[in-house]
There are 2 protein chains.
Amino acid sequence: MTSVLIVDDHPLQRLGFRMLLENAPETDVIGEAAHGAEAVRRTATLRPEVVLMDIRMPGMDGIEATRRIVAGGGRSKVLVLTTFDLDEYAHAALRAGASGFLLKDARPEELLAGIRAVAKGDAVIAPALTRRLLDTYADHLLTGPRGRQAEDDPRYQALTDREREILVAVGQGWSNGEIAERLVLAESTVKTHVGRVLAKVGARDRIQAVILAYDLGLTRPQPPA
Amino acid sequence: MTSVLIVDDHPLQRLGFRMLLENAPETDVIGEAAHGAEAVRRTATLRPEVVLMDIRMPGMDGIEATRRIVAGGGRSKVLVLTTFDLDEYAHAALRAGASGFLLKDARPEELLAGIRAVAKGDAVIAPALTRRLLDTYADHLLTGPRGRQAEDDPRYQALTDREREILVAVGQGWSNGEIAERLVLAESTVKTHVGRVLAKVGARDRIQAVILAYDLGLTRPQPPA
DNA sequence: GCGAAGGTGGTACCGGCGTACTACTCGCTC
DNA sequence: GAGCGAGTAGTACGCCGGTACCACCTTCGC
């Protein structure tokens, strides 16, 4: 039986976790906390095996709370759970000493497996993040480049020359009017092109197209001045 | 439905996997192979989404087979499964291009979750190994891979915690309605937040905000599936 | 000479986005 | 208790974006 402390500022979210964990045969919820400071206090007194930690909370956040709990030196392991698949969050959490980092859209079984692993002294990382973690340390671990670029993507291949120009323009963040101005076209023409591009690449709106342009490497992030 | 090719030199082991995967609603075993060379051939013809690969096999082993399959450039992802929790195996497998590394003592649900993740383009590593992997690269985590440019930017600094969350959400390409749904807010509230974010960072519309999110490294380009 | 594909333009309509308010509730500080 | 910032929520309105059409023009290939 693994004892768990639930830390989240949303009562409904805590309830959800409690429902799941109390219906599982191997976990036992021994307490809850609504923010970081409370989490640190309760961990000291209740000594749970696993602390289920949200990041974004009023007052002390989950990262700082994790840091203090780990620094406390008890047996408690911290498993960070968050809505956002953000590298910054993950790195901060792991840097703070968390034993795991999972996303809240994980399936119940995955969460339970994560708790089990963390209680055993192992570590878990959300698969979506593991991918990027491996990519990040590719130099140390992997050999051989494995990145494909725009020209290999079937969605990009489906576009005509003019449409590719339009996609790049959209990726720059230009409005239809601006594109019309810079490419010397009528705005209605730009709309026609943009519409076709969206249909061909399967994008819902120009925002998805901007994201696609970045993912394909058509537009590169430019560090702020 | 995820198509799977089972590679293992023990018939009984293959049967075990087949039992598990055929009783799962989301996986479909489309073939088996008893050694590396056969695995490479079958992968080329059957084009499974996921190859379940054993390491120790007579003739060509799983590492070499993985290397060839990945080099082939198909869509197939390799998930390496082994009995032995050896760092050398894991590193060799990942260096060869495997998308995952799990131990055979994993629970059925964990294996299914792993297959699901790998098929999606994510990566999985056995928790026991993740622990050691994190320890190995602890020093890299200390500084962070790309540094922290977002925190240094005055525009980002001007945002409150909630507004930063909103900026990330906008950067993901989510509509106001989707953000409201995922963060459990009213759409009007999301609009208020987005409006304030745009004003603070000096963005004309949410598209500029998406671009800013990329430039600040809040969102990273993800290679196409 | 004809059709197909690509590029250019137009009209009309609707929905989501952005903005400009206002207002209530916390938790904090003074 | 007054004041403030942050978060949440509402209404109303104008505008841009996305779509569904259609029309015309080139440049090809057959």
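On a predicted model such as this, the values are computed, not experimentally measured, just so you know. In what follows, every chain begins at residue 1, and chains take the letters A, B, ... in the order their sequences are listed.
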- Query: Hey, what bend do you get for the helix from C/dG1-D/dC30 to C/dC30-D/dG1 if you fit axes on five pairs at each end, rounded to 10°?
  - Reply: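 Here the helix ends are tilted 30° relative to one another.
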Would you kindly give the [atom1]-to-[atom2] distance between [X] and [N], to the nearest whole Å?
| X | N | atom1 | atom2 | answer |
| --- | --- | --- | --- | --- |
| A/Arg206 | C/dG18 | CZ | P | 12 Å |
| A/Trp174 | D/dG17 | CH2 | P | 14 Å |
| A/Asp9 | D/dG7 | CG | C1' | 12 Å |
| A/Leu159 | C/dG7 | CG | C1' | 15 Å |
| B/Leu198 | C/dT19 | CG | C1' | 10 Å |
| B/Asp161 | D/dG5 | CG | C1' | 13 Å |

Mind checking whether [X] and [Y] have side chains closer than 4.5 Å, heavy atoms only?
| X | Y | result |
| --- | --- | --- |
| A/Val210 | A/Val170 | yes |
| A/Asp215 | B/Tyr214 | yes |
| B/Ile125 | B/Leu102 | no |
| B/Glu49 | B/Lys77 | no |

- For B/Thr160 and for B/Asp205, locate the closest nucleotide of DNA chain D by heavy-atom distance; then report the residue assigned to the nucleotide nearer the 5' terminus.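 Closer to the 5' end of DNA chain D: B/Thr160.
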- Expected string for nucleotides 8-16 of chain C under the B/S/- scheme (protein heavy atoms, under 4.0 Å, primed atoms plus P, OP1, OP2 as sugar-phosphate) is BBBB-----
- Query: Reading nucleotides 25-30 of chain C 5' to 3', which nucleotides get B (base under 4.0 Å from a protein heavy atom), which S (sugar-phosphate only), which -?
  - Reply: ------
- Can you tell me how far the OG1 atom of B/Thr66 sits from the CG atom of B/Leu79, to the nearest 0.5 Å?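 Atom-to-atom, B/Thr66:OG1 and B/Leu79:CG are 9.5 Å apart.
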- Message: Please determine whether a side-chain nitrogen of the Lys or Arg among B/Glu109 and B/Arg116 lies less than 4.0 Å from a carboxylate oxygen of the Asp or Glu.
- Response: no
- Message: Under 4.0 Å between a side-chain nitrogen and a carboxylate oxygen: does that hold for A/Glu178 and B/Arg204?
- Response: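 Looking at B/Arg204 together with A/Glu178, the answer is yes, because their closest N to O distance falls below 4.0 Å.
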- Greater than 12 external heavy atoms within 6.0 Å of B/Glu181's CD: no
- Query: Do you know which two heavy atoms are closest between A/Ala209 and A/Leu198, and how far apart they sit?
  - Reply: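 Closest pair (atom of A/Ala209, atom of A/Leu198, distance): CB-CD2, 3.8 Å.
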- Query: Given A/Thr27, which of A/Ile115, A/Leu52, A/Leu111, A/Leu20 fulfils the side-chain contact (heavy atoms from CB on, under 4.5 Å) condition?
  - Reply: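 When side-chain contact (heavy atoms from CB on, under 4.5 Å) is applied between A/Thr27 and each of A/Ile115, A/Leu52, A/Leu111, A/Leu20, only A/Ile115 qualifies.
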- Item | Residue mapping more 5' on DNA chain C - nearest nucleotide basis, A/Lys200 or B/Arg204 |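 By nearest-heavy-atom nucleotide position, the 5'-most residue is A/Lys200.
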- Query: Distance-only, no hydrogens or angles: does the B/Arg75 side chain make a donor-acceptor pair with backbone N or O of B/Arg47 under 3.5 Å?
  - Reply: yes
